[in-house]
Amino acid sequence: MDNLIKDIDIISGEEAQAVDYKTTVEENTGKSKKIYIESYGCQMNFSDSEIVASIMKENGFDTTSDFSQADVIFLNTCSIREKAEQTVRKRLSDFNRIKRSKPEMTIGVLGCMAERLKDKLLEEEKIVDVVVGPDAYRDLPNLVNAAEDGRKGVNTFLSREETYADIAPVRLNSNGITAFISIMRGCDNMCSFCVVPFTRGRERSRDPHSIVAEAKDLFARGFKEVTLLGQNVDSYKWSPEENNKARLNKKEDETSSIVNFANLLEMVAQVSPILRVRFSTSHPKDITDEVLYTMKKYDNICKYIHLPVQSGNSRVLDLMNRTYDREWYLDRVRAIREILGEECGISSDMIAGFCTETEEEHQDTLTLMDIVKYDFSYMFFYSERPGTLAAKKFEDDIPLEVKKRRLAEIIEKQSQLSYERNQLDLGQEQIILIEGTSKKSQDELKGRNSANKVVIVPAAGLKLGDYVKVKITECTPATLFGEILEINPAMA
Ligand code: SAH
Ligand code: SF4
Ligand code: F3S
């Protein structure tokens, strides 16, 4: 039981959000100044911190993992739920103490909270010197310079074009095996609960050639897995005509040059059969059978789809403006099962207690979970965000205790389902990629199977980056345990 509670903690995103941040690692290339970056929120934000580190490196800054050594501290922030913002405010008050003894230190707030609050942040948090939104990171060196001369600065300009395609990210916190590649920025969906369209601006896709070049470079440097990132990867779309208006005059065959997400996946999968490809997030309204068939065609495209449902009830989905209903969602799951089979991993995000949600409608989320049998989920209770459609149109009328009780029921359901799904793996032979040491023991290593489940194996004879054929021998709701059958088996 003890084990079970710990596992539930791990998959309950709301708890994780409060403590989950990443810091920069030490990189000493002899530069005269140091930055320390702490990143909150989603993978896209962590990925942006790598772009920020790269821009700052070009301008004379090394990274440090010790904020007391830093000349500049950046907090790359998240606004998705109220709690995420509270965490950042608390962190700023921690840094306040350090700044008192080191007044020349520059403190910058970056990311989604910077974009949402703009210059209000300078008024509210006196220790902040610069406020920079997700599309304005090229301006950071100027703003930091100005701050060092005593001039505070804000740049929260949102761009329709910026994709930082030409910037090679400095890999922070890297295990040297798995890396994230941003393939698009922003979001054009207007889910009524969500702040992202306001903090990240319009959706734009990055040049596929720069994406493939980044994947090739990572592979050449020993990386074995890339995850393609976007808020809605299935709406990835790039064409020279659309993305480079100057070329519009050329009379090229328009359709032939459009790259959609299935095409991009295929291009990245072709980099090497031993470079694994993952992606996130898929939107249920946009995921196509073409993407599913492309996944099937390539062994190195991992059989795992993060397909957030948010709610299992069609009326609530309509209020959320998700633009699909329960039947549409279940039809997409049917397509995944038909094309990719039972072993394809499926995970979700769920929001408990959205405005006006009734008990029966909450039950619909639980029954949908039973039908889909998610491998795992990130689960939250609704947190009203200022400026969103829901904040403007609906009353946040579900009492906190009710939201929390419904969330606990969803978490409990997911824990049972994760355990059920993991038990199906017992006795199976699977290929895992070794990517780190186990949290619990030095003598064990951690890998992931194609379906994105963590598999713990004995460390002896293995190194990071090995592909290992394992037989699954044990499981908990969150983890599989395996015995080693073969190290680096031949892969097509
Ligand atoms: N682009 C992704 C989601 C990014 S935000 C998608 O469309 O699925 C990650 C998750 O945070 C969302 O899926 C949602 O479950 C949750 N979330 C977003 N806004 C929220 C809010 N106001 N309250 C609670 N959870 C929220
Ligand atoms: Fe937010 Fe919806 Fe866009 Fe996801 S698809 S980032 S939930 S608006
Ligand atoms: Fe948070 Fe912004 Fe990501 S609000 S979840 S950091 S896009």
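Note that ligands are numbered from 1 as they come in the structure, with each ligand's atoms numbered from 1 the same way. When a residue number appears, it is its place in the shown sequence, counting from 1.
Taking only nitrogen or oxygen atoms, main chain and side chain alike, Y382 does not reach within less than 3.5 Å of ligand 1. Considering both main-chain and side-chain atoms, R322 comes within under 3.5 Å of ligand 1 through a nitrogen or oxygen pair. For V196, no nitrogen or oxygen atom sits less than 3.5 Å from a nitrogen or oxygen atom of ligand 1, counting backbone and side chain alike.
Only the side chain of F380 comes within contact range of ligand 1, with a heavy atom under 4.0 Å; no backbone atom does. Under 4.0 angstrom from ligand 1, there are no non-hydrogen atoms of E384.
Relative ring orientation between Y304 and H306 is described as parallel, the plane-to-plane angle staying below 30° on a 0-90° scale split at 30° and 60°. Ring geometry for Y137 against Y164 counts as parallel: the plane angle stays under 30°, on a 0 to 90° scale with 60° as the upper cut.
For the pair R81 and F380, the distance from NZ or CZ to the six-membered ring centre is under 6.0 Å and the angle to the ring normal is within 45 degrees.
Of the options R185, R206, R138, a side-chain hydrogen bond (donor to acceptor under 3.5 Å, both in side chains) to E162 is made by R138 and by none of the others.
Within the 4.5 Å cutoff, the side chain of I351 has no heavy atoms near those of the S311 side chain. With contacts defined as side-chain heavy-atom distances shorter than 4.5 Å, the pair R315/E361 qualifies. Counting heavy atoms from C-beta outward, K439 and K446 have side chains that stay 4.5 Å or more apart.
Interface of R322 with ligand 2, defined as ligand atoms under 4.0 Å from a residue heavy atom, comprises 2 (Fe), 7 (S). Taking a cut-off of under 4.0 Å to the non-hydrogen atoms of C78, the atoms of ligand 3 that pass are 1 (Fe), 4 (S), 5 (S), 6 (S). Residue C42 has at least one heavy-atom neighbour below 4.0 Å for each of these atoms of ligand 3: 3 (Fe), 5 (S), 6 (S), 7 (S). Set against the non-hydrogen atoms of C187, the atoms of ligand 2 under 4.0 Å away are 3 (Fe), 5 (S), 6 (S), 8 (S). Listed by number with element, the atoms of ligand 3 under 4.0 angstrom from any heavy atom of N45 are 6 (S). Close approach of ligand 2 to H283 (heavy-atom distance below 4.0 Å) involves ligand atoms 5 (S). Within ligand 2, the atoms closer than 4.0 Å to a non-hydrogen atom of P197 are 8 (S), numbered from 1 in the order shown.
Protein heavy atom closest to atom 1 (Fe) of ligand 2, with residue, atom name and distance, is C194 SG, 2.3 Å.
Ligand 3 lies within reach of Q231, whose nearest heavy atom is under 4.0 Å from it. Within the structure, ligand 3 lacks M44 among the residues with a heavy atom less than 4.0 angstrom away. Residue contact annotation: G111 has no non-hydrogen atom under 4.0 Å from ligand 3. Assignment of F381 to the shell around ligand 1 is supported, since a heavy atom sits closer than 4.0 Å. Using 4.0 Å as the threshold, N232 has no heavy atom nearer than that to any atom of ligand 1.
In summary, the side chains of N76 and S49 do present a donor paired with an acceptor at a separation below 3.5 Å, with no hydrogens or angles considered. Looking only at atom types and distance, the side chain of K126 has no donor-acceptor partner in the side chain of N96 under 3.5 Å away. Between the side chains of R385 and S192, no donor-acceptor pair of N or O atoms lies under 3.5 Å.
Within 6.0 Å of CD on E82 lie no more than 12 heavy atoms contributed by other residues, nucleotides or ligands. For Q363, the CD atom is densely surrounded, since the number of other residues' heavy atoms within 6.0 Å is greater than 12.
Distance check for C112 against atom 1 (Fe) of ligand 3: none of its N/O/S atoms falls below 2.8 Å. When distances to atom 1 (Fe) of ligand 2 are checked against a cut-off of 2.8 Å, C191 contributes no N, O or S atom below that limit.
Across N189, D188, I80, heavy-atom proximity to atom 5 (S) of ligand 2 is greatest for N189. Ranked by closest heavy atom to atom 2 (C) of ligand 1, the top entry among H283, Q231, R385 is Q231. Closest to atom 26 (C) of ligand 1 by heavy atom, among M44, E82, R81, is R81.
Closest non-hydrogen pair, F67 versus M105, comes out as O-CE, 3.4 Å.
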